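One structure is given here, and the rest of the page talks about it.
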Amino acid sequence: MAFGKGHHLHLIDGSAYIFRAYHALPPLTRKSDGLPVGAVAGFCNMISRYVDGNGSSKDAPTHVAVIFDYSSKTFRNEIFPEYKANRPPPPEDLRPQFPLTREATRAFNLPAIEVQDYEADDIIATLAREAREAGGRCTIISSDKDLMQLVGDGVEMFDPMKNRQMGLAEVEEKFGVRPDRVVDVQALAGDSVDNVPGAPGIGLKTAALLIQEYGDLDSLLARAAEIKQPKRRQTLIDFADQIRVSRDLVRLKDDTPLPITLDDLEVRDPEPEALMEFLTRMEFRTLTKRIAERLKVEAPAISADMAASDDHAPPPDAEAAAPFDHTAYVTIRDEAVLADWLAAALEQGFVAVDTETTSLDEMRADLVGVSLGLAPGKAAYVPLGHVTGGGDLFGAAVRAEGQMDVDRALALLKPVLEDPSVLKIGQNMKYDMKILARAGIRVAPIEDTMLQSYAMHAGLHGHGMDLLSEQYLGHIPIPIKTLLGSGKSAITFDKVDVTEATRYAAEDADITLRLWQKFRPQLHLAHVTTVYETLERPLVPVLAEMEMAGIKVDRDVLSRMSNAFAQKLVQLEEEIHHIAGKKFNVGSPKQIGEVLFDRMGVPGGEKGKTGAYATGADVLEDVTTLEDSHPQGALLAARVLDWRQIAKLKSTYTDTLQEAINPETGRVHTSYSIAGANTGRLASTDPNLQNIPVRTEEGRRIRQAFVAPEGKVLLSLDYSQIELRILAHIADIPALKQAFREGLDIHAMTASEMFGVPIEGMDPSIRRQAKAINFGVIYGISGFGLARNLRIPRAEAQGFIDRYFERFPGIREYMDQTIAFAKEHGHVRTLFGRRIHTPEINARGPGAGFARRAAINAPIQGTAADIIRRAMVRMPDAIAGLPATMLLQVHDELLFEVEAGAVDETIAQVKAVMEGAAHPAVHLDVPLVVDAGRGANWSEAH
DNA sequence: GACATCACG
DNA sequence: GACGTACGTGATGTCC
């Protein structure tokens, strides 16, 4: 029967329960692995008492739901970015418990509802309205005064803290007005906890008086001029807009899009088995026993040494988990079996997912199969695109037997992979998300074991699955080579026998699930939960979108350049052979060295450790200065440098980029490694679009091939001097910070401070030297390095450095402290808490020098990387309404494609996000400044 | 697959 | 006193 008259809906404010439970109980951890579970225990206790209470109540609900906040970010942040901005982030040991409280809710057979971009209060408002309109009753179980606006017409509140019913009378007592005017009073009074501004100087009492007198907020604002008290009158006139925004913030949205209807919320009997499973998994001894008695079932045994305890002993290293048994993996060949596995995933709220394809290039790969992992040792493979070995008479691929229809399988997978209540766990999920997105499935929400490892172990080792499995599970996975072979004879995954494929693919899902279970409780022990949750995990869908968008590249521009380069190379080659007096391979550094230093007798050749002459650009540049003593050598060196520049541009850029254009999209799709660079930077591969030439005129022309489609414009926004600003902040250098605040030329300022020359009319070479020193500091400067960079005597370079340290003593201090910290802890941290390990810091020999400089550089480079990561995570929401797409990231630059009409608005939005990216997690003493450029191509925009 | 070289921030 | 030195990446070509 549909929800209506005589029905009674209970809406439980789940988020409030969690925080109350957290603060009411001492820190409690699961004995077996140290997972914090205190809030979960308290939450279960509250829910259990609630359920018991209903059993003995005459007014028991017919329908019930537990409502949660999806995240702290909602549509209200669009209206007013500062909304709830002064709320501290949830404690580290609470964060991992959020998903567990959803699991707990489901274990009690109660629906857990959360909706992205909306607060729990909005969902409550929506369901309360629906219940009211259907003619039923609704009780909101919460102490939150913000919900009082909903009271009336069959909607009541019950305050579980005070254990009392809240009706019209209680609302009027609290706000002085009827529920429908509560938002007006709140809009005027504001709320310092939620950072709702309201009207300055007006509190609850005055607000209530004003609304009583004028009827409602709009009338009050319209007639503000009539108010007698001059100060109050002026405030209402001056802050009218702010008051209206405040009302938008406090007014609950009762048309939130919901994944369920009222009828889905009918009260269900508990399922003892599922509940017992959850409680024992949490290792709650007393609670399990108590609830088992209540349900009249046998309580599963939890041994004393397994029970949750509040000691903080680290989780044991030994693996008690199921062994890896490849024969236990299941091949799913029909819909019913797949449906069973998916139902189990839905039930438990998480599933490991892995896709198998024909290529590592996600934009060209075809889906071959999907594997699922539910529990250690319990994994399955769904073959979808396997073909038989030989092919038919004409060599065409023949679909292997025993595979279910691809479209049917995808249709079954889609609702679960997109279900907000089911976590999809993957290793490098960006890959699988892109593959599945091309099959029409938008996977969410996700977890990524690669990124969990990166957050905890950056700098210690890589984060590939094989490595993680061996290191943390003590298990060496089946090498992919044994299935595909290697080299020229390698086959693609669709040619692999299904039985073999099942072992490999299901194992991957199994490993991923086990790694997740192992890593999840460890994140907070390493104090990187916030890093993982705010800088790694949310970046995955953002990067996936960017990579799938790609950037348009004009093939003709590149092709013409390639042809011109080819001609030029032939010409240079002939000239070089002529000067040398013999033909040789100009591309071989070894042969260049022999020609130059042995055959032609140029002095100063130095052999490296491999016995070959060094012929790098710096060496050849020195040779070109020998015009007087060795004109032929100087000429040859100059021509080789020219040749190398053109050869580089042609082979790496103008030729290769043409091949990288995707024939289907006509665009180039790079791939970003999120866990590649130890410092938190991204790395771009296949092709690398983070090193497109810009420094020379010739090279810059390649950027003209990166274009916006007809009617659109490319936008480039980049942080100005971000690393130096971070250095000024971290090392706390007053002169540098002041200079950045005043928008001065920082290198000129440095030169002026160091050499005592005025900034006006400064010799450009002085400024250049200061600039080199500024950068040197970021890299962990040495006299030798600076001397080589500036080509000045070492003693002079050392003198510069000494003077720099003298003038800015905070730099020395920062360096010493950073190295000391690294030596003590084995890692350094960025301002956002990212850990970068420095395992070599206590080594002896030259390695220690490298490690020291890397340790000095890492917090600076890493903080800059964190800042742009935050900007990127926030960007999709910030530009959601605009015809703009984020395409590329180049460390301190973001590139967008936008319709010509929306350029200014997009720049304003993007700039605001980038310049404010550190807030509110980190407060910098220096402003972040972003420069913007636009154009038909990347060269113009930059 | 190691090495040298060179493109970027 | 000697040692080897700017930080972080990826792609290409040579050579073994």
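Computed from a predicted structure; not experimentally measured. Per chain, numbering begins at 1; letters A, B, ... match sequence-line order.
Residues meeting the side chain to side chain donor-acceptor pair (under 3.5 Å) test with R853(A), sequence neighbours left out: none. Residues passing the side chain to side chain donor-acceptor pair (under 3.5 Å) test with D655(A) are S562(A), K650(A), sequence neighbours excluded. Applying the salt bridge (Lys or Arg N to Asp or Glu O under 4.0 Å) test to E940(A) and every residue at least two apart in sequence or in another chain returns nothing. In this structure Y779(A) satisfies the side chain to side chain donor-acceptor pair (under 3.5 Å) test with no other residue, sequence neighbours excluded. Applying the side chain to side chain donor-acceptor pair (under 3.5 Å) rule to S716(A) yields the partners E893(A); only residues at least two apart in sequence or on another chain are considered.
Residue pairs meeting the side chain to side chain donor-acceptor pair (under 3.5 Å) criterion with at least one partner in residues 803-817 of chain A, sequence neighbours excluded, are E753(A)-R807(A), N774(A)-Y804(A). Evaluation of the salt bridge (charged side-chain N to carboxylate O under 4.0 Å, His left out) test over residues 674-684 of chain A, restricted to residues two or more places apart or in two chains, returns R681(A)-E723(A).
Using a 4.0 Å cut-off between a side-chain N of Lys or Arg and a carboxylate O of Asp or Glu, E536(A) and R834(A) qualify as a salt bridge.
Counting atom types as modelled, S588(A) pairs no side-chain N or O with a base atom of dT14(C) as donor and acceptor under 3.5 Å.
Using a 4.0 Å heavy-atom cutoff across all strands shown, D892(A) reaches sugar-phosphate atoms only and no base atom. Within the 4.0 angstrom heavy-atom criterion, no nucleotide atom of any strand lies near G849(A).
Using a 4.0 Å cut-off on heavy atoms, the residues of residues 636-656 of chain A that approach DNA chain C are K648(A), S651(A), T652(A), T656(A), listed by number. For the segment residues 803-832 of chain A, no residue has any heavy atom less than 4.0 angstrom from an atom of DNA chain C. A heavy atom lying under 4.0 Å from DNA chain B marks the following residues of residues 684-694 of chain A, by number: Q690(A), N691(A), I692(A), P693(A), V694(A).
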When you look at R639(A) and D642(A), which way does the salt bridge (charged side-chain N to carboxylate O under 4.0 Å, His left out) test go after all the steps? CA-CA 5 Å; R639(A) 290 296 171 266; D642(A) 290 342; 3.6 Å; yes
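Aromatic ring centres of Y719(A) and H891(A): separated by at least 6.0 Å.
Going from atom CD1 of I801(A) over to atom C1' of dA6(C) covers 9 Å, rounded to whole Å. Atom CD1 of I773(A) is separated from atom C1' of dC7(C) by 17 Å (rounded to the nearest Å).
A 4.0 Å heavy-atom criterion places the boundary nucleotides of DNA chain B facing chain A at dC3(B) to dG9(B), written 5' to 3'.
Between F800(A) and F755(A), the ring planes lie perpendicular to each other; the angle is over 60°, past the 30° to 60° tilted range.
T652(A) places no side-chain N or O within 3.5 Å of a backbone atom of L649(A) that could act as its donor or acceptor partner.
Rounded to whole Å, the separation between the P atoms of dT5(B) and dA6(C) comes to 14 Å. Straight-line distance between the P atoms of dA4(B) and dT5(C): roughly 12 Å, to the nearest whole Å.
Taking a pair as Watson-Crick or G-U wobble with both distances under 3.5 Å, the runs of three or more consecutive pairs in DNA chain C are B:1-9 with C:7-15.
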